[in-house]
Amino acid sequence: MRTKLFTAGFAFVLVSACGSSSSSQAKNQPANVMNAAVAVAAAKPLSKPQALTVMHDRHEGMEDVGKQNKILRRELTAASPDLAAVRGATATIARHASEATHWFPAGTGPDVGKTGAKPEIWQKPQDFGVKLHNFQVAARALDVAARAGDLNAIKARYADIGGTCKACHDSYRTDMHH
Amino acid sequence: MPKQRVWDLPVRLTHWLLAALIVFSWWSVRNHHTDWHIWSGIAILTLLLFRLMWGFVGSSTARWTSFVRGPRATLDYLRGRWVGIGHTPLAALSVIAMFAVLAAQVGLGLFNEDDDGLYAGPLANFLSPDTTEKIHDLHELNFKLLLGLITLHVAAILYYRIVRGKQLTKPMITGRTTDPAAGEMRPGKWWVALICLGVALAISRWVVAGAPLP
């Protein structure tokens, strides 16, 4: 069942990805496209253990993205950045970003367990979907830049991805203490 | 009743700027303006450095040596046997505690990072991400301590106002008291205050630059 939900979630992001070569286009997507995908997820609710597993994976994944971001800042502000360390961090962030497609099925909000995810995620699925998608695009771009190896480009993509983290967290995450 | 001077302008400015910046720091970090929060912390650092120095070369009531007393003076004060101007020996304990906890809060902030790794204090790069995560928790914990001391401070002022009928807020604004206290404030020199401010700004700038060694 989890696989099915993930498929639904994946389709949901794919739909948003297809229509959004730019974020402004994505914002103009009809709301029912997104809502349909979420409704599918809601139609077959997760069992509590399944939901808690998703929430755990989400928490660990997000925490690791933060940690990789800290490693990146140390390298990118250093006099001579270690490109291997930079690539390790950007690859890990890109991997988590693609995993994030499956991190927010309906029924994994604060009513189910301890989480920083706000209920608004499932109340405004279209806006949330766009913001998540922007993060995923930025994560891939950062990883591509890291593999190419141009430091100025890496720094620019690093600034971009930070903006996508903040854009989503400001609206959809509570001040959680772990 | 003749009014006499008790707090000089640098002491009063430092006091009210600190109060405002503490509120602003709390508000800004709560409202996702972490960059403003960091600059506010740097401003507090500058004020603390200034006040530390002014406590050695400032007016008589600003000086550490004039109000930091031993336990005997504190007991004398509690028995009503203390006369003087400025901080009482009991208030001195509160001043030292608030200064220390606020300094610790700023010190922790310099090494702090947010969970997302988007914002960092100017000295965070000296430590590993695992260590700054612990600093993050301590920064939050120490704020509760600071909040407790501020609550005590305000409660004491209310106590003196309501129970003892003594105005403490107005002298901190006007710098003058109607209290028939023994002794009077010897003012500091304005150019010494400017030098202290210059040194405090220079140190803060150096910290913001990541404390580079020559």
Side-chain angles (χ1 to χ4, degrees), chain A residues 58-82 85-86 88-90 92-93 96-97 100 114-118 120 131-132 135 138-139 142 155 157-178, chain B residues 23-40 42 105 108-147 205-214:
Chain A
R58 179 169 76 202
H59 181 87
E60 296 297 311
M62 285 296 192
E63 197 168 79
D64 196 30
V65 170
K67 189 173 174 178
Q68 301 306 322
N69 235 358
K70 294 174 190 177
I71 292 170
L72 273 180
R73 202 200 60 251
R74 278 168 178 71
E75 290 302 333
L76 295 177
T77 53
S80 50
D82 174 0
V86 169
T90 61
T92 307
I93 292 172
H96 287 313
K114 193 186 168 203
T115 179
K118 280 188 184 176
E120 282 84 344
K131 287 188 163 75
L132 178 60
F135 162 63
L142 174 63
K155 283 176 187 171
R157 298 292 82 75
Y158 170 71
D160 290 347
I161 196 172
T164 67
C165 296
K166 185 168 163 57
C168 205
H169 288 169
D170 281 0
S171 312
Y172 296 110
R173 184 184 60 178
T174 56
D175 299 320
M176 195 184 58
H177 308 293
H178 54 87
Chain B
V23 172
F24 180 74
S25 294
W26 169 80
W27 176 86
S28 57
V29 79
R30 284 256 142 191
N31 290 282
H32 313 296
H33 298 296
T34 313
D35 43 351
W36 297 353
H37 176 82
I38 293 171
W39 282 112
S40 179
I42 300 296
Q105 188 65 357
L108 289 166
L110 295 177
F111 294 94
N112 196 9
E113 280 181 287
D114 69 337
D115 286 330
D116 301 344
L118 300 179
Y119 297 99
L123 306 181
N125 279 11
F126 285 117
L127 304 174
S128 73
D130 289 330
T131 311
T132 57
E133 212 177 301
K134 292 189 184 80
I135 299 266
H136 189 89
D137 293 341
L138 287 174
H139 192 62
E140 277 183 1
L141 192 71
N142 193 60
F143 178 66
K144 296 197 174 85
L145 213 55
L146 183 61
L147 215 53
R205 254 184 83 162
W206 174 73
V207 168
V208 167
L213 295 174

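Reminder, nothing fancy here: chain letters follow the sequence lines and each chain counts from 1. Every value quoted in this text rests on a predicted model; they were computed, and no experiment measured them.
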Query raised in the report: Can you tell me how far CD of A:Glu63 sits from CG of B:Asp116, rounded to the nearest 0.5 angstrom?
Result: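 So the gap between those two atoms works out to 11.0 Å.
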Query raised in the report: Quick one: NE2 on B:His32 to NE2 on A:His169, what's the gap to the nearest 0.5 Å?
Result: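 Answer for the NE2-NE2 pair, B:His32 versus A:His169, is 10.5 Å.
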Query raised in the report: What part of B:Asp130 is in contact with chain A, defined as an atom under 4.5 angstrom from a non-hydrogen atom: side chain, backbone, both or neither?
Result: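 Side chain of B:Asp130 only, per the 4.5 Å heavy-atom cut-off to chain A.
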Requested in this report: Please flag which part of B:Thr132 lies under 4.5 Å from any non-hydrogen atom of chain A: side chain, backbone, both or neither.
Outcome: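 Just the side chain, heavy atoms under 4.5 Å.
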Which atom names give the shortest non-hydrogen contact between [X] and [Y], and what distance separates them?
| X | Y | result |
| --- | --- | --- |
| A:Cys165 | B:Leu118 | CB-CD1, 3.9 Å |
| B:Leu127 | A:Arg74 | O-NH2, 2.6 Å |
| B:Gly117 | A:Lys70 | CA-CG, 3.6 Å |

Query raised in the report: Is a side-chain N or O of A:Arg73 found less than 3.5 angstrom from the main chain of B:Tyr119, in a donor-acceptor match?
Result: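 Side chain of A:Arg73 to backbone of B:Tyr119: no pair is present.
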**Report entry** Contact winner vs chain A - B:Thr34, B:Asn125, B:Asn31, heavy-atom pairs under 4.5 Å
**Finding:**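 Greatest number of close heavy-atom pairs with chain A: B:Asn125.
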**Report entry** A:Arg173 and B:Asp115 ion-paired at < 4.0 Å
**Finding:**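 The answer is no: the pair does not qualify as a salt bridge.
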